[in-house]
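This report refers to the structure that appears directly beneath it.
Treat the numbers as computed from the prediction; the structure is a model and nothing was measured.
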Amino acid sequence: ITSTAFGGVSLFWYMNQADTPAASSRGQLMDHIALSVDDLDAWMAKLGAEKVAILEAPYVVGPYRAVMIEGPSREVIELIQEPTRKDQRR
């Protein structure tokens, strides 16, 4: 078990302990979580080099750019890049 703390709130990560991957979280009650990143393109390059599965190519949601990836236990993770002030002036 590992966790990430945000002030008084912690997000716990439970890794699959089995030899086979867990079922995908897509379409389940808890479909996915989203994490904000500063530079989506840089993260895509890093994750691509590490052979992380890209579930959905980058797309736009309102003012945000996002991509869906698969975590190590087949959980779905959405990476979202918020627009910067520079982006908003375009």
Quiz item: Going by side-chain heavy atoms closer than 4.5 Å, which hydrophobic residues are tied to Y64, directly or by a chain of links?
Solution: I80

Quiz item: With distance as the sole test, does E70 use its side chain to make a donor-acceptor pair with the main-chain N or O of A53 at under 3.5 Å?
Solution: no

Exercise. For residues L55 and I77, determine if any side-chain heavy atom of one lies less than 4.5 Å from a side-chain heavy atom of the other.
Key: no

Quiz item: How about Q81 and S36: do any of their side-chain heavy atoms sit closer than 4.5 Å?
Solution: no

Self-check item: Gap separating the CD atom of E56 from the CD atom of E78, nearest 0.5 angstrom
Solution: 8.0 Å

Quiz item: In Å, rounded to the nearest 0.5 Å, how long is the span from CG of D39 to CZ of R65?
Solution: 8.0 Å

Quiz item: Hey, quick one: are M68 and V60 part of the same hydrophobic cluster, counting side-chain heavy atoms closer than 4.5 Å, chains of contacts allowed?
Solution: no

Quiz item: Who passes side-chain contact (heavy atoms from CB on, under 4.5 Å) against I54, sequence neighbours left out?
Solution: M44, V67, I69

